[in-house]
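I have placed the structure first, in the form of structure tokens, so that the comments after it can refer back to it.
Values reported hereafter were calculated over all heavy atoms of this structure, with side chains retained and with hydrogens, waters and symmetry mates removed. Remember, it's 1-based here, ligands and their atoms both numbered in the order they're listed. Please read all numbers here as calculations on a predicted model, not as lab measurements.
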Amino acid sequence: MKKIFVTRLIPDRGLALLKKQGYEVVVNPEDRVLRREELIMFLEGKNYDAVLCLLTDKIDKDIFAAAGSQVKIFANYAVGFDNIDLAAARERNVLITNTPDVLNETVAEHTFALMLAIAHRIAEADQFMRDGKYKGWGPMLLLGADVSHSTLGIVGLGRIGALVAKHAVKGFDMRVLYYDVKRNEDFEKEFNAEFRPNLDDLLHEADFVSIHVPLLPSTKHLMNADTLAKMKKTAYLINTSRGPVIDEHALEQALEKGIIGGAAIDVFENEPLMDLGFKNLDKIIVTPHIASATEETRQKMGEVAARNIIAALEGQTPPNLVVMK
Ligand code: DGY
């Protein structure tokens, strides 16, 4: 019987698919991230055929070594796979897969939730009400900024970035600029979007800058003291991609000094920690890496991860390969 290790409990549909296939499924009994030594202990000598891992697991050569030569695939339960050492996977002939597409709509929705919330000062307003400070309607009370008809700068025109752009144009009549390593003329035509080959140009013009790049050596701290200073004083920065794309300390400084108007971020440089300075700033909204966290999407991510494992163990090519043998 083939054996699968799941590093932390995920919603049931993916697990059910694996069991239906006749596999033995062992799930980390604790609902928390396993420490590195614990993960090694769970894997060592157990001869698992596959591991379903999460973005919170750092998978490197020691983890592959602990899993042993029986293991064919590490199926990441995330679209991002910056937690996995791909070169080490290739060296050990381990397949790596991810869970793209099923979360696009949910993440795009969360991006808009953040954008609207920071522009309309929703968190501040909610706190204001709870504190009993509302004494009656006022023309100057908690003034925010309009999203409609403003300019959105998309940094990284992947599937999620493109969907955010679509909502921006169709739902809010926004002007869309985008920066990417690749130009996409079809997208430009469809959404009347404008390509900016230079990030600085986009930052100068955008009222909202939304980050959708993967974490790579070239995107680490893409938003830093210099690039933040290129944004408009009134502009907002939104991040639902990966925390280290923003230099968090530089962001705190930029908010404190009024270099930008505000930020709304779902991901952090050293999760689960966040820059402590954020706690005391009104101009930032923070959510705990939940952009894909709807019941249905998290189920679908489990199903995609399970199908990748089943394909690999049944001798087929998994649909979402990021590293081939
Ligand atoms: C991902 O999939 O990479 C997200 O960060 C979590 O869903």
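- Taking the side chain as every heavy atom from C-beta outward, L237 and L251 approach each other to under 4.5 Å.
- Polar contact with ligand 1: present for H289 (N/O pair, distance under 3.5 Å).
- Ranking protein heavy atoms by distance to atom 3 (O) of ligand 1, first place goes to R242 NH2, 2.7 Å.
- Remark: ligand 1 and R298 share no N or O pair separated by less than 3.5 Å (distance only, no angle test).
- Shown here is R32, whose CZ atom has more than 12 heavy atoms of other residues, nucleotides or ligands within 6.0 Å.
- The shortest N or O to N or O distance between G80 and ligand 1 is below 3.5 Å.
- N184 and E188 form no side-chain donor-acceptor contact under 3.5 Å, judged by distance and modelled atom types alone.
- Geometrically, ligand 1 and S241 share no nitrogen or oxygen pair separated by less than 3.5 Å.
- Here L55 has side-chain heavy atoms under 4.0 Å from ligand 1, and that is the only part of it that gets that close.
- In summary, the atoms of ligand 1 found under 4.0 Å from a heavy atom of S292, numbered by their order in the structure, are 6 (C), 7 (O).
- In terms of protein heavy-atom proximity, atom 2 (O) of ligand 1 is nearest to V79 N, 2.7 Å.
- Side-chain rings of F187 and F195 stay apart, their centers remaining 6.0 Å or farther from each other.
- Residue contacts with ligand 1, taken as heavy atom pairs separated by less than 4.0 Å, involve A78 via backbone and side-chain atoms alike.
- The contact set between ligand 1 and M301, taken as ligand atoms under 4.0 Å from a residue heavy atom, comprises 7 (O).
- With a 4.0 Å cut-off on non-hydrogen atoms, L103 touches ligand 1 through its side chain and not its backbone.
- Taking the six-membered ring where the residue is Trp, F268 and F278 present tilted rings, their angle falling between 30° and 60°.
- Within the 4.5 Å cutoff, the side chain of H289 has heavy atoms near those of the E271 side chain.
- Here the two rings, on F172 and F112, have centers that are under 6.0 Å apart.
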